[in-house]
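Just so you know, ligand 1 is whichever comes first in the structure, and atom 1 is the first atom listed for that ligand. All values derive from a computational prediction rather than experimental measurement. Heads up: numbering here begins at 1 and tracks the sequence.
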Amino acid sequence: MKKAVYPGSFDPVTYGHLDIIKRAASIFDELTVSVLNNKEKKPLFSVEERVKILEEATKDLPNVKVDSFSGLLIDYTKKNDIPVAIRGLRAVTDFEYELQIAQTNRALSKEQLDTMFFTTSLEYAYLSSSSVKEIASFGGDIAMCVPDFVAEQVYEKYGIDRNQFK
Ligand code: PNS
C-alpha cells in the first residue's frame with residue numbers, strides 16, 4: 001500500500017490545501033493529513049478544532065485520514081510506516097524553505113522519508129492561512145479562500161458578523 005502524509009499547521013485549511021489533498025489522494029492509496037501540535041505557535045484554532053475541520057472538509061475522500069502529531073515529522077512517519085511527505089509549493093520563496101526541510105528530513109531519517117512537492121494550482125497560488133486570518137480579522141471577505149463552514153468558524157473566532165457579506 002502506497003502511503004503518504006501531508007503535514008502542516010492547517011490553521012485553518014484553505015482551498016489551496018484542499019486542492020493538494022485531493023491531488024495527492026488520487027496518487028496514493030492512503031493519505032494522512034496530520035496537524036502539527038506546535039506549542040510555540042499561537043494558533044487561531046486548537047489542534048482538536050483543526051482536526052475536526054479537516055475531517056469535515058475531506059469527508060468525501062475515502063482514502064484520506066486526519067490525525068495530529070507533535071515532535072519531529074520523521075519520528076511520526078517512522079512510527080506509522082509512512083515513506084513520503086507531501087508539501088505544496090506556491091512560489092520560489094516556498095521552495096527555499098521547503099527544500100531545506102525536505103533535505104533535513106531525508107538526512108535525519110537516514111533516507112527513509114522523501115518529500116514530494118505539488119505545485120499549487122495557479123488559482124490558489126496567492127492563498128495562505130495567515131492571509132485568510134488577517135483578511136477575516138479586519139472584516140474582509142474570505143469566501144474565495146476557504147469552504148463556507150470554515151469561514152463561519154473563522155469569523156466566529158474574531159467575533160465578526162459574516163452576514164455582512166451576504
Ligand atoms: O503548515 P506549516 O506550518 O508550513 O507546516 C510546517 C511543518 C508542520 C511541515 C513543519 O514545521 C514540520 O514538519 N514540523 C515538525 C518538526 C520537524 O520535524 N522539524 C524538522 C524539520 S527542520
Answer yes or no: are there more than 12 heavy-atom neighbours, outside [X] itself, under 6.0 Å from its atom [atom1]?
| X | atom1 | value |
| --- | --- | --- |
| Glu134 | CD | no |
| Lys52 | NZ | no |
| Phe138 | CZ | no |

Quiz item: Looking only at heavy atoms of Gly71, does any of them come nearer than 4.0 Å to an atom of ligand 1?
Solution: yes
Quiz prompt | Any donor-acceptor N or O pair under 3.5 Å, side chains Tyr76, Ser34 | solution = yes
Self-check item: atom 21 (C) of ligand 1: any protein heavy atom closer than 4.0 Å
Solution: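 When distances to the protein are checked, atom 21 (C) of ligand 1 has a heavy atom within 4.0 Å.
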Exercise. Tell me which protein heavy atom sits closest to atom 19 (N) of ligand 1, plus the residue, atom name and distance to 0.1 Å.
Key: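 For this ligand atom, the closest protein heavy atom is Leu72 CD2, 3.9 Å.
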Quiz item: In the protein, which heavy atom is nearest to atom 14 (N) of ligand 1, and how far is it?
Solution: Leu36 CD2, 3.7 Å
N or O contact, [X] vs ligand 1, cut-off under 3.5 Å:
| X | value |
| --- | --- |
| Ser9 | yes |
| Gly8 | no |
| Arg87 | yes |

Exercise. Kindly determine whether Met144 and Tyr126 satisfy side chain to side chain contact (heavy atoms under 4.5 Å, CB included), including the steps that lead there.
Key: CA-CA 11 Å; Met144 68 298 203; Tyr126 66 95; 3.6 Å; yes
Self-check item: Residue among Ile82, Val84, Asn105 satisfying side chain to side chain contact (heavy atoms under 4.5 Å, CB included) with Leu113
Solution: Asn105
Quiz item: So among Ile53, Thr58, Ile21, which one has a side chain to side chain contact (heavy atoms under 4.5 Å, CB included) with Val66?
Solution: Thr58
Quiz item: Any idea which part of Asn105 is under 4.0 Å from ligand 1, heavy-atom wise: side chain, backbone, both or neither?
Solution: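 It is the side chain that touches ligand 1; the backbone stays farther off.
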Quiz item: Is it the side chain, the backbone, both or neither of Leu73 that has a heavy atom closer than 4.0 Å to ligand 1?
Solution: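 Both of them.
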